[in-house]
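Just below is one structure, and these are the notes that go with it.
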Amino acid sequence: MKESWSSVDTLETNFRPLVVIELAKGTKEETIEWFTKRIVDKKTNGGAQLLIKPLVTENGGENIYLVGASHLRLLLGAENVGLVKECNDNSMRAFTYSSRKTFKDFADDNQNFLTMSECQYIIKHELENLRAKDEKMIPGYPQAKLYPGKSIVRRLLTNGILVQIFPLHDREELKKLRHTWYGQVKIGYQPLDEIRCYFGETIALYFGFLEYFTFALIPMAVIGIPYYVFAWEDYDKYVMFATFNLLWSTVILEVWKRICAVMTYRWGTLLMKRQFEEPRPGFHGVLGINPVTGREEPVYSSIKRQLRIYLVSVPFVCLCLYFSLYVMMIYFDLEQWALDYHEENKSNFSSLMLYVPSIIYAVVIEIMNRIYRYAAEFLTSWENHRLESSYQNHLILKVLVFNFLNCFASLFYIAFVLFDMKLLRQSLATLLITSQILNQFAESLLPYWLQKRYMKKMKERMHSLKMDTDLSLVEQVNSEKEMGTYFGTFDDYLELFLQFGYVSLFSCVYPLAAVFAVLNNITEIYSDALKMCRVYKRPFAEPTANIGVWQLAFETMSVISVVTNCILIGMSPQVNALFPDSKMDLILTVALVEHLLLAIKFVMAFVIPDKPRDIQIKLAKLEFESLEALKQQMFTESYSYLCDDMREQ
């Protein structure tokens with residue numbers, strides 16, 4: 001029997017707060033009353049049919065509300081968002097309330113059938129899909145215009161009425177996760193399934209990729225150590241190491257696709273249907289009709305957007321790239337000054353001064369990357385992309401292009417213009433190590449220290465008020481709402497992408513790059529785990545089936561690494577000795593080898609399936625069963641119509 005929305009209770013004796021809504025101070029009462037009414041209203045009346053309670057504090061004055069939902073409401077919401085769960089026969093299927101008994105661990109009194117992160121994801125989905133009916137504006141704010149079908153939450157956010165929405169931590173579960181994840185120093189795998197249950201698939205997939213990439217670097221590190229120790233100045237012996245690197249960079253990315261498919265199938269996100277994308281909150285335009293949905297929404301000319309991109313954004317990015325190259329040339333002037341100083345003095349101090357320009361340049365690169373990131377976000381937002389996916393793709397493209405040139409331009413210049421392998425090795429080592437230290441400090445250690453200071457002050461203030469209300473919940477909400485917001489895995493993947501470039505592009509010159517990358521990633525796992533559990537608010541779970549555009553970014557970097565390593569091999573004295581008379585023959589041979597290696601790389605990518613055979617069979621079986629069910633449904637409906645016609649005759 002299909003449960004109707006009208007039968008879902010909006011009252012629950014055991015209210016479990018899952019999500020926090022913070023409205024701006026001074027928000028008008030009529031606005032609060034209207035918004036909370038829309039949240040608790042039945043779905044048939046255009047509401048979200050959720051539970052909401054104000055957070056009661058002694059001093060009051062803060063518009064903070066706790067949102068939850070009944071167990072039945074969450075189960076119907078799980079069907080609505082298309083969550084995939086494991087069945088009793090060990091297959092993975094989209095959850096439906098009518099077939100709930102066929103799912104593993106389901107029981108009417110089992111409140112833990114849905115994980116807390118899944119419940120919070122359902123609530124977020126329902127809140128974001130609260131839409132205006134016949135309202136022309138938000139009550140109390142005539143300037144905040146509404147039209148039928150407009151997302152109420154997005155309008156409240158863009159007008160500053162709604163400050164933030166965030167999911168609450170589960171303190172007991174978080175304590176257990178911290179202990180198994182980073183509470184003890186041990187050699188072993190991360191609890192990815194537990195991370196997924198608590199933080200969702202997107203974050204679990206990042207930590208899975210970080211762990212996999214770290215293990216994949218170990219062969220490079222093990223091979224690189226003897227090359228570094230026994231052949232420090234003998235670049236000829238690096239030819240075999242570079243050749244191994246070319247095959248390694250291809251294999252690890254193809255194997256990752258298979259591992260990713262296994263994990264996401266187990267988590268159910270490989271089977272989730274892609275949902276129709278709504279306009280992003282910052283999108284604006286003239287009110288029009290969406291030809292797909294038939295709803296009123298802002299419409300913006302694609303020609304205007306393209307003009308903004310090609311007449312403003314592209315020239316700005318080119319200007320930033322030119323500035324990056326200008327800073328690079330200043331760095332080389334400093335390198336020459338340090339070298340001249342060392343030649344004049346020949347002291348221990350002058351030897352140390354040789355590394356100072358590279359360290360300064362590495363710090364400047366990190367500063368420029370962060371400043372440019374803000375500029376890229378502003379420009380991409382100004383371009384007014386309708387969909388969040390389009391916004392993210394344009395932002396990633398801008399950031400990757402600049403970061404690639406900013407981080408690697410000096411290394412390309414040293415390798416292929418100056419032909420100075422010693423300076424290349426020194427610059428690569430300095431840039432890699434300095435960037436790793438700065439990232440660890442800026443992303444984890446500094447935020448953790450600041451958060452700890454704030455928590456201490458907040459606890460003292462809370463206890464001084466001597467509140468009679470639920471102090472633990474009030475403490476938790478007040479502490480979490482002041483935590484930093486985790487804006488996603490963008491910066492984390494970017495850091496790994498640049499690290500992959502340092503390891504793969506010039507590996508034959510500095511084999512220890514993989515060693516430092518492994519050491520950094522081991523500490524990165526612990527520091528990233530720390531910041532997720534202690535520094536930032538709990539992010540909403542976001543179902544995903546892969547690492548998205550970053551897979552393409554890593555594959556592009558591996559293609560570039562084939563070209564750079566082939567050229568470096570061609571520049572080695574050992575290879576040059578084979579062509580003493582004709583440099584053109586050398587160039588043609590290197591180009592031929594490079595094309596052959598690229599061909600081998602693409603053949604390997606084609607031959608290695610993205611999904612293991614058993615996963616392919618399971619997916620094909622589910623598709624077949626879905627088609628058969630659809631046929632059966634159509635046949636039943638046709639037979640019913642036929643019977644009705646016969647009865648009428």
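No side-chain heavy atom of Lys176 sits less than 4.5 Å from a side-chain heavy atom of His179. Within the 4.5 Å cutoff, side-chain heavy atoms of Leu168 are placed close to those of Val20. Residues Asp610 and Glu254 are in side-chain contact: their nearest non-hydrogen atoms beyond the backbone lie under 4.5 Å apart. Side chains of Leu325 and Leu405 form a contact here, defined as non-hydrogen atoms less than 4.5 Å apart. The shortest side-chain heavy-atom distance between Leu205 and Trp267 falls under the 4.5 Å cut-off. Contact of the Ile218 side chain with the Phe215 side chain is registered, since non-hydrogen atoms from C-beta on lie closer than 4.5 Å. Under the 4.5 Å side-chain criterion, counting only non-hydrogen atoms from C-beta, Glu173 is not in contact with Met116. Looking at heavy atoms from C-beta onward, Leu568 lies in side-chain contact with Phe416 at the 4.5 angstrom threshold.
Between Leu424 and Leu411 the shortest heavy-atom distance is CD1-O, 3.5 Å. Across Val399 and Ala376, no two heavy atoms sit closer than the pair CG2-CB, 4.1 Å. In this structure, Val549 and Asn393 approach most closely via the heavy-atom pair CB-OD1, 4.3 Å. Closest of all the heavy-atom pairs between Ser381 and Tyr391 is N-CE1, 3.6 Å. Across all non-hydrogen atoms, the minimal contact from Gly200 to Ala541 is CA-CB, 3.6 Å. Listed here is the closest heavy atom pair of Tyr206 and Leu496: CE1-CD1, 3.9 Å.
Between the side chain of Ser117 and the backbone N or O of Phe199 there is no donor-acceptor pair closer than 3.5 Å. Lys611 places no side-chain N or O within 3.5 Å of a backbone atom of Gln616 that could act as its donor or acceptor partner.
To the nearest 0.5 angstrom, Glu383 atom CD is 3.5 Å from Lys398 atom NZ. Summarising the geometry, atom OG1 belonging to Thr115 is positioned 12.0 Å from atom CD belonging to Glu194; distances are rounded to the nearest 0.5 Å. Note that CG of Asn565 and OG of Ser558 are 11.0 Å apart. Values are rounded to the nearest 0.5 Å. Atoms SG and CG, from Cys197 and Leu192 in turn, are 11.0 Å apart once rounded to the nearest 0.5 Å. With values rounded to the nearest 0.5 angstrom, Thr180 atom OG1 is found 8.0 Å from Ile195 atom CD1. Residue Leu530 holds its CG atom at 10.0 Å from CH2 of Trp181, rounded to the nearest 0.5 Å.
Here Phe378 and Phe316 keep their ring centres 6.0 angstrom or further from each other. Ring centroids of Phe506 and Phe412 are separated by less than 6.0 Å, placing the two rings close together. Centroid-to-centroid, the aromatic rings of Phe95 and Phe113 come within less than 6.0 Å.
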Check: side chain to side chain donor-acceptor pair (under 3.5 Å) between Tyr331 and Ser427: does it pass, once the steps are laid out?
Finding: CA-CA 11 Å; Tyr331 155 66; Ser427 297; 2.8 Å; yes
Checklist line | Check against side chain to side chain contact (heavy atoms under 4.5 Å, CB included), Ser561 and Phe500 | finding: CA-CA 10 Å; Ser561 73; Phe500 181 66; 5.9 Å; no
Check: Given the rule in the side chain to side chain contact (heavy atoms under 4.5 Å, CB included) test, do Glu366 and Ser435 qualify, once you have shown the distances and angles that lead to the verdict?
Finding: CA-CA 7 Å; Glu366 289 300 317; Ser435 65; 3.3 Å; yes
Next item on the list: I would like to know whether Asn546 and Lys257 meet side chain to side chain donor-acceptor pair (under 3.5 Å); could you show each step before the answer?
Entry: CA-CA 8 Å; Asn546 49 56; Lys257 290 181 186 177; over 6 Å; no
Next item on the list: Apply the test side chain to side chain donor-acceptor pair (under 3.5 Å) to residues Glu495 and Gln499: give CA-CA distance (whole Å), side-chain angles for both, the deciding distance (0.1 Å), then the verdict.
Entry: CA-CA 6 Å; Glu495 186 179 343; Gln499 184 189 91; 5.7 Å; no
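Surrounding NZ of Lys621 are at most 12 heavy atoms belonging to other residues, nucleotides or ligands under 6.0 Å away. Sparse packing is recorded around CZ of Arg613, with 12 or fewer heavy atoms of other residues, nucleotides or ligands lying under 6.0 Å away. The neighbour count for Phe490 CZ, taken as heavy atoms of other residues, nucleotides or ligands under 6.0 Å away, is above 12.
Screening Phe213, Phe209, Phe554 against Trp256 for a ring-ring contact (aromatic ring centres under 6.0 Å, His included) leaves a single residue, Phe209. Remark: of the listed residues Ile123, Asn129, Leu127, Ile122, Asn129 is the sole one forming a side chain to side chain contact (heavy atoms under 4.5 Å, CB included) with His125.
Side-chain atoms of Asn369 and Asn406 include a donor-acceptor pair closer than 3.5 Å.
Within the cation-pi definition used here (under 6.0 Å to the ring centroid, within 45° of the axis), Arg538 qualifies as a partner of Tyr198.
Using cut-offs of 30° and 60° on the angle between ring planes, the pair Phe516 and Tyr510 is parallel. Ring geometry for Trp550 against Tyr493 counts as parallel: the plane angle stays under 30°, on a 0 to 90° scale with 60° as the upper cut. Using a 30° and 60° split on the angle between ring planes, Tyr372 and Phe402 fall in the parallel class, below 30°.
Ion pair Asp193/Arg196 not flagged as a salt bridge, since none of the NZ, NE, NH1 or NH2 atoms sits closer than 4.0 Å to an Asp/Glu carboxylate oxygen. Salt-bridge formation is detected for the pair Glu542/Lys124: a Lys NZ or Arg NE/NH1/NH2 atom is positioned less than 4.0 Å from an Asp or Glu carboxylate oxygen. For Glu377 and Arg373, the salt-bridge test passes: some basic side-chain N is under 4.0 Å from an acidic carboxylate O.
Screening residues 593-609 for salt bridge (charged side-chain N to carboxylate O under 4.0 Å, His left out), with sequence neighbours left out, gives no hits.
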